Structures are given as C-alpha cells and as structure tokens.
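Comments concern the structure below.
Note that this is a predicted model, so its numbers are computed, not measured. Order of the sequence lines sets the chain letters (A, B, ...), proteins ahead of strands, with each chain counted from 1.
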Amino acid sequence: MSTPLLELKNISKSYSSVRVLNNINFSVVPGEVRALVGENGAGKSTTVKIIAGVEQPDSGGEIYYNGELIHKMTVKHSLELGVSVIYQDLSLFPNLSVAENIVKGSEKKFFVGLNTYKKQASAVLESLGVDIDTSLLLSELSIGKQQLVAIARAMYSEAKLIIMDEPTSTLSSTEVELLFDVIARLKESGVCIIYISHKLDEIFTVADSITVLRDGEHIETGAIDTFDQEKLIKLMVGRELRFVPFHGTDIGGSGTTFSVNNFTLEPYFRNISFDVREREVFGITGLVGAGRSELAQSIFGIRKASSGEIFLGGEKISISHTNDAIQAGVCYLPEDRRTQGLLMGQTVTRNTTSANLRGVSNKASLISGQKEKKVVEEYIERLAIKLPSIESHIERLSGGNQQKVLISRWLNAGPRVLIVDEPTTGVDVGTKQEIHRLLRELANNGVFIVLISSDLLEVLAVSDRVLVMRNGNAADLVETKSASQESIMEKSLLG
Amino acid sequence: MPRLNKKIENLGLILLFVVLFIFFAFSSKHFASLTNIMSLFAQMVELGFLTLGMAVSMLSGGMDLSIGALGSLGTVLLAVFIGQKGWPLLPAILLVFLLMLLAGLLNGFLVAYLKIQSMLATLGTQSLFTGIGLVISKGITVRVPEESMRIFGRHLVFGVIPFQILLFIPVVIAVGIYISRSISGRQIYLVGCNEEAARFTGINVKRTLMKVYLLSAAMAFFAALVFSSRISSGRADVLNSKVLETVTAAVFGGVSTLGGVGTIGGAVLGVAIITIVSNGLDMMNVSQFLQQVIVGSLLLITLALRNLKGKTSPFVALRNKVCRRIQ
Ligand SMILES: Nc1ncnc2c1ncn2[C@@H]1O[C@H](COP(=O)(O)OP(=O)(O)OP(=O)(O)O)[C@@H](O)[C@H]1O
Ligand SMILES: [Mg+2]
C-alpha cells in the first residue's frame with residue numbers, strides 16, 4: 001500500500017447543536033476510485049465540503065494530505081493541493097468557450113492567445129479520450145459534456161483528487177459510459193477519485209473500494225469485492241431491506257381516464273396521445289432529449305402546446321397556466337430540482353405549502369401558521385424527511401431530503417393527476433422504494449400517475465404500461481408485464 | 001431558528017432607535033421637545049408610505065424606482081384639481097387615486113408582461129411620470145391654498161397628534177397583514193425568491209407582479225396626499241429624491257435587494273431610524289449636503305455588512321468561493 005493521498009482522522013461536524021458527522025476516519029490512495037455511500041442525510045456532501053475546505057470540521061479532527069497534517073483547509077488551499085470537486089454546472093462559465101473554461105485560471109503565463117488555449121485544452125481532452133470542439137461555448141454543450149469539461153479543467157490544473165458528488169444524476173446512459181471511460185483513464189494516471197452516488201450498479205462498475213456512512217457515522221470501508229448489493233444496502237440502511245415487486249396490479253375498467261390527445265409543440269414533440277387508466281401508473285421513457293419533460297410541462301401549462309386536448313374523467317380541461325393545472329388537479333414534479341422546484345432561501349414550511357396555500361388558510365383567507373405546521377409535520381413523518389427544523393431554509397437539507405419536500409408539496413396539493421419527472425434523482429435506495437410504493441398507493445387510491453424516468457428498472461418496476469418516446473415522437477407503447485429492459489432500450493433508440 | 005433571528009434582528013433595530021433617540025436628545029436641546037417628536041413622526045409618515053411600496057416591490061424581486069416620481073406627480077395632480085380647478089375635495093382625491101393606480105398598472109405591465117427588468121422599467125416610468133408632472137404644472141409649484149386640504153398633513157388631532165400618523169398606522173397594519181399572512185402576500189415572497197420555481201408551483205407570476213406595482217402606486221398616492229397637504233402645494237419632482245432613502249430604509253430594515261427576504265415591520269423600523277438620523281442631524285444643524293453623504297454611506301455600509309454576515313445560501317457562497325478562485 002502506498003501512503004494515503006488523503007486521510008481523515010476523527011472528523012466531526014456540527015451545525016449549531018446538531019452533529020451531522022461523528023468521528024469520521026478513512027483514507028484514500030492515489031489511483032483509487034472510492035465510492036462514498038449512505039442514505040440521504042448521512043453526511044456525504046458534508047464530508048466533501050470539509051475536504052474541499054468549504055466547511056471547517058469541529059476541533060479535534062485532522063486532515064492529512066500526502067502524509068502532511070493540514071492545519072486549516074480552505075478552499076484556496078485545497079485547490080492548491082490539487083483537490084477538485086465536480087459540482088454539476090457549478091464552477092464553470094457558460095458564456096466562455098470550452099477552451100477558456102479548461103485553461104483559464106491555471107494558465108502558466110499572463111498573456112495567452114486563444115489559439116494556445118485551444119491547443120492546450122484539446123490536449124487535455126484528448127488525454128481523456130473525449131471529443132469536444134474547444135471553440136464551442138460551454139452553454140452549447142449537454143450537461144454531460146459540461147461535466148467532462150469540468151473534469152478536463154481539473155486535469156489541466158493538475159488535480160490529484162477529484163470528488164464527484166452524484167455526477168450521473170442528469171446524464172444519459174451514453175454520457176455515463178463516457179464518464180466511466182474518463183474515470184478509468186484518470187485512474188491510470190494516478191488520480192484518486194471519490195465518487196458519490198445512490199446508484200449501486202454504477203458503484204459496482206466503477207469503484208475499487210467503498211466507504212459507508214450512516215447518520216454521520218463511519219460504518220465500514222473495504223475493497224469492492226468484500227461487498228455485494230445486499231450487504232451494502234444493509235450497511236447503509238442499518239437493517240435488511242426487502243424489495244417487493246409491484247407487478248400484477250389489476251387495472252380498473254370503470255372507464256374514467258386521464259387522456260392526452262394529439263399533443264404537439266414543435267420542435268419538442270408531436271402527435272403524442274395516451275390514456276392513463278384508473279389505478280394505473282403510466283410510464284414515459286426515452287433518451288434524454290426525447291421531449292418527455294417538455295411534453296409534461298406543456299400538459300402542466302408551462303409552455304402551451306400548439307395543439308392538443310386533455311380530458312380528465314371524460315371532461316375536457318383547458319390549461320393555459322400552471323395555476324389552471326393545479327385548479328384542475330393536474331400536478332407536476334419537475335426534473336430540475338434546483339431551478340424549477342426549490343425555493344432557495346425560504347423555509348421548509350414555505351416550500352411544502354406553496355402549491356396549496358388555500359389549504360392552510362383560515363376562513364378569512366389568511367395563512368394560518370398552525371395549519372401550516374401541522375401539514376408540514378405530517379409529511380415529515382410520512383416521508384421520513386430528515387431536517388434540522390421546519391423553519392430551516394431548504395438549502396440546509398441534504399439533496400435527497402430536498403426532493404422529499406418537493407414530493408410533499410405535490411401530495412399536499414391534492415392531485416387528481418400527478419406527473420412525476422425523474423422523481424428519484426438523488427434519493428437513496430430505501431427512499432426510492434418508498435417513493436415507488438407511494439406512487440403505487442396513490443394510483444390505487446384513484447390518482448392518475450404519470451411516471452417519467454430514464455431509469456428503465458424503475459419504469460419496469462412501477463408502471464403498468466410505458467410510452468417510449470424518441471425524438472419527440474411516440475415510438476411505442478408497451479405493457480411492462482411483457483417487456484424487458486433490452487426491448488425498451490431498443491425501442492427508444494431505433495423504434 | 002430563522003424566525004428567532006428575525007426577532008432579534010428587529011430587536012436590534014429597536015435598540016438602535018432608542019440609542020439614537022437618547023444620543024440626539026443629549027446633543028440638541030430641541031430634539032426631545034413634544035413638538036419635535038411629533039414632527040419627527042410626521043416626517044416618518046411620508047417616507048414611510050413610500051418605503052412600504054418600495055419594500056413590497058423589493059420583496060417581489062424588483063425595485064420600484066418610479067415611486068418617488070409617481071408620488072410627485074400625485075402632488076401635482078392634487079394641486080391642479082383642487083388648488084387650480086377648485087374641484088371638491090373628495091372626488092378630486094378619488095380621481096387622483098385612480099389615475100395613480102393606472103400608473104401602477106403601467107409599471108406592472110412593463111415588468112410582468114413585457115418582462116422588462118423592474119429597475120429599468122421603473123427608471124423609464126420615473127422619467128415619464130416626472131415629465132407628465134412638469135407638463136401639467138408647467139414646471140412650477142402649484143399651490144393648494146384650500147383650508148380643507150390641510151387635514152392630511154397639517155392637522156393635529158386633539159391638538160397634538162398629527163393626523164397623518166393616524167392614517168399611517170392602519171395602512172401599515174393592513175399592508176403588514178397582507179404581506180405576512182395573505183395568500184397573495186406569500187406568493188409575492190415566493191416570486192421574489194425564484195420566479196421560475198414560483199411558476200412551477202402554480203403561482204400566477206404576472207398577476208402577482210401586477211398586485212405589487214398596484215400596491216406601490218397606492219402607497220405613492222398616500223405619500224402624495226400627505227405631502228401636498230403639508231406643504232400646501234404640488235411640484236413635479238418634490239418626492240423624487242426620497243427614492244434613495246426608501247431603499248436605504250428598507251435595506252436597513254432587513255429587506256433583501258435580491259427579493260424574497262424581509263418584513264414590513266423591519267422596513268418601518270428602517271424608516272424610523274433613517275428619519276431620526278436626518279431629524280437629529282437637522283437639529284444639530286448639519287447641512288443637507290452632508291446628510292446626503294451620510295444616508296448614502298449608511299446604505300453602502302448596511303449592504304456591505306449584510307454580505308459579510310454571509311446572508312447568502314451556502315450554495316451561492318460556495319459558488320462565489322469557487323468562482324473567485326477561478327478568476
Ligand atoms: N447548514 C446546515 N445547517 C444545519 N444542518 C445542515 C446544514 N447542512 C447540512 N445539514 C444537515 O447535515 C446532514 C447531512 O447532510 P449532507 O448534505 O452531508 O447529506 P448527504 O449524505 O449528502 O445526503 P444526500 O444523499 O441526500 O445528498 C443532513 O441531515 C442535513 O440536514
Ligand atoms: Mg448530498
């Protein structure tokens with residue numbers, strides 16, 4: 001074993017009086033891919049923030065880098081040491097070219113011409129085995145490509161430790177493969193990677209070793225071959241988790257449906273029609289860019305479709321604004337949590353009740369603090385949301401718990417139709433199953449559920465029928481009972 | 001926790017007010033006289049109405065820079081209708097109110113429907129409203145000699161309490177309840193926090209913004225009413241210079257320039273502090289010019305302190321840190 005690149009000793013972290021990390025000890029060596037796993041709120045992101053110097057640990061903890069004790073890790077210091085964190089779309093400049101994004105800030109000379117930028121940037125990208133035109137603006141790239149640019153940037157600045165916090169949550173499957181190739185190359189060149197994800201299959205593909213956190217405690221660290229899925233889940237959750245398949249629900253035949261007819265909005269999608277039957281979870285899948293979210297947003301009144309009709313329980317409803325949609329009971333959990341979901345800087349309470357303020361108002365149409373509190377506490381219990389307090393700002397919650405708050409928002413709106421767009425992004429395995437169960441339960445209670453997801457296993461596990469979209473067209477409609485992952489994959493690619 | 005913090009923050013403002021009061025009371029022997037205290041409150045009212053409007057527009061994520069100009073236009077209209085044309089008081093006031101709401105609709109339309117940035121839109125209408133006022137008044141001060149008009153700004157109830165205070169208090173309470181408890185009020189906060197997310201949660205952003213600019217126009221109307229009564233005249237730019245003070249007062253009271261954060265109570269306390277400072281400095285014979293320097297500095301210092309205190313979300317702070325290093 002070589003000397004550890006980074007070693008954490010007795011790292012704890014408290015916010016006011018709440019301890020979120022308790023005596024964390026682990027180390028990583030060069031050329032290692034270490035998966036950091038744990039439930040939502042286990043303390044993964046907090047650990048990363050401490051390594052990156054964004055947050056300071058409580059006194060008593062020590063951070064060693066290359067065997068040397070770091071007295072106070074600051075952001076500047078960690079960057080100088082070669083620690084680089086890939087946050088999604090966070091540390092890049094959308095209005096600059098790819099080349100500038102890679103080179104700027106670490107250039108060795110003061111005056112550098114654009115051509116030099118391009119040459120150097122291309123060299124880095126080539127070494128990663130990635131083909132991206134360096135003169136494009138960053139904003140012209142897909143999120144996946146942007147992430148690769150962020151990695152190239154880290155490489156250019158000679159990063160020794162690259163931390164990726166849920167890097168694949170918005171990537172298409174081809175982009176994920178590309179990312180894994182890049183990780184393999186990084187490994188070869190001796191870079192250490194700390195990889196955070198809730199997707200266990202990814203972890204078993206890419207990691208050499210795993211560190212498990214639970215409730216801020218270090219549970220176990222070991223080589224990948226000492227784990228299997230079942231054991232890993234047990235370590236994360238602290239108990240056995242049983243997966244119950246949902247198949248075989250009887251689809252009601254009473255005739256009430258939620259139907260979408262001939263929805264068209266160029267260039268996103270055209271002539272999309274589907275019926276959701278009573279007690280059915282209806283899946284929509286397809287590759288990223290197939291027009292699924294745009295379709296859902298048109299139904300929800302974000303951008304009006306150029307043609308198409310919606311029927312709910314036999315009655316035609318017209319939606320020209322999200323407000324109309326909610327009045328009609330059509331609700332939508334958006335895919336992009338950061339910009340379309342969360343109300344940053346507002347409390348958990350306000351984030352929960354925002355879609356149904358009337359429901360927490362008294363007779364005089366004034367919002368009642370007590371009613372709000374009751375509603376929020378009910379959902380915290382029902383979805384097991386971990387949070388400092390209901391008056392905390394939403395950004396204080398871990399990613400997965402933020403997602404649960406958004407789900408509560410829509411449950412609280414009393415949906416008749418609930419369209420969920422990638423509802424389990426950033427959500428841990430146990431919670432993922434809870435959300436699946438919840439969707440099923442809602443469907444059984446008469447809510448029409450539309451599940452949009454790129455996760456084929458999810459689609460197959462929860463929905464009864466799946467609409468496969470490709471390039472804005474309805475490619476196929478399949479019964480999940482008779483479908484396999486491969487067959488759906490094929491349809492979304494070829495039709 | 002944040003609720004507790006807010007209370008403490010307002011407590012700090014109250015303490016500051018008391019300290020300033022004691023300080024000025026010792027520095028100038030006129031300051032603590034009953035007449036000066038009453039005139040202090042009366043001064044507070046004009047700035048107070050305007051600040052209410054400004055604070056609400058700031059909560060919604062904008063900044064109504066036209067509020068002073070609209071108030072000035074209001075004084076001109078009142079003076080022309082009542083003083084020059086001699087119309088009866090009530091219909092004239094009502095007409096002015098409606099005209100000013102119309103101006104608010106214009107602001108709202110520009111911001112909500114044409115999606116012009118609030119500050120730019122209202123910078124434009126600021127000039128527009130002042131211009132209209134100048135045309136109507138032919139650029140001069142229009143007098144309102146009418147005795148009946150004096151009630152709003154020069155009448156002392158029971159011989160001591162300025163009438164405008166009795167007008168101000170219910171309006172503050174109404175706006176306070178509207179903002180903190182009503183559904184529309186909550187929606188104003190959420191729109192100010194993140195317009196896109198607000199739309200995705202079913203809020204009609206356009207309608208909400210229309211309400212905001214209507215409300216700020218209504219506040220400009222009250223300011224105009226009191227002011228034109230107090231100085232018995234109207235002029236097309238009398239209240240324009242108050243805009244800076246309204247922003248200072250609101251920010252001082254904890255209203256964020258980024259939207260979604262702040263309270264009406266805080267803003268009113270901000271007004272109290274700004275007013276006591278300028279009144280106290282008057283009493284100490286500090287020149288108006290120097291006072292301008294002081295108010296400007298106060299705004300900058302408050303803004304700087306707020307940023308230092310790390311009021312931004314960890315998410316933003318993190319990005320700032322990363323970006324600073326990169327550049
Ligand atoms: N600023 C803060 N104030 C108070 N508590 C905080 C703050 N930031 C994080 N926490 C708490 O720390 C705990 C750990 O959060 P962290 O973000 O590290 O979780 P995570 O393991 O990354 O979870 P996820 O998988 O959901 O992203 C959470 O319970 C969270 O509420
Ligand atoms: Mg996290």
The interface call for A:Ser365 against chain B, heavy-atom contacts under 4.5 Å, is backbone

Which is it for B:Arg186 and A:Glu372 under the side-chain contact (heavy atoms from CB on, under 4.5 Å) test, yes or no, and what are the steps along the way? CA-CA 12 Å; B:Arg186 173 67 60 85; A:Glu372 273 199 302; 2.8 Å; yes

Under the 3.5 angstrom rule, does the side chain of A:Gln346 hit a backbone N or O of B:Leu190 as a donor-acceptor pair? no

I'd like to know which of B:Asn194, B:Thr201, B:Ile203 tops the heavy-atom pair count under 4.5 Å against chain A. B:Thr201

Give the minimum heavy-atom separation between A:Gly341 and B:Ala197, together with the two atoms involved. O-CB, 3.9 Å

In terms of heavy-atom pairs under 4.5 Å, which option from A:Ser354, A:Pro388, A:Gly301, A:Cys331 contacts chain B the most? A:Ser354

On a heavy-atom basis, the closest approach of A:Met344 and B:Cys193 is O-SG, 2.9 Å

Segment of B:Tyr189 engaging chain A (4.5 angstrom heavy-atom cut-off): both

Flag if over 12 foreign heavy atoms under 6.0 Å of CZ, B:Arg207: no

Taking side chain as everything from C-beta outward and backbone as N, CA, C, O, which of these in B:Val205 sits under 4.5 Å from a heavy atom of chain A? Side chain, backbone, both or neither. backbone

Between A:Asp324 and chain B, with a heavy-atom cut-off of 4.5 Å, which part of the residue counts as in contact: side chain, backbone, both or neither? neither

Which atoms of A:Gln327 come close to chain B, meaning under 4.5 Å heavy atom to heavy atom: side chain ones, backbone ones, both, or neither? neither

NZ of B:Lys206 to CG of A:Asn323: how many Å apart, nearest 0.5 Å? 12.5 Å

Heavy-atom proximity to chain B below 4.5 Å, by part of A:Leu406: neither

Would you say that B:Phe200 contacts A:Thr322 through its side chain, given a criterion of any heavy-atom pair below 4.5 Å between the two side chains? no

Could you look at A:Ile326 and say if it's the side chain, the backbone, both or neither that has a heavy atom under 4.5 Å from chain B? side chain

Applying side-chain contact (heavy atoms from CB on, under 4.5 Å), run through B:Ser182 and A:Leu366 and close with a yes or a no. CA-CA 5 Å; B:Ser182 79; A:Leu366 292 181; 4.3 Å; yes

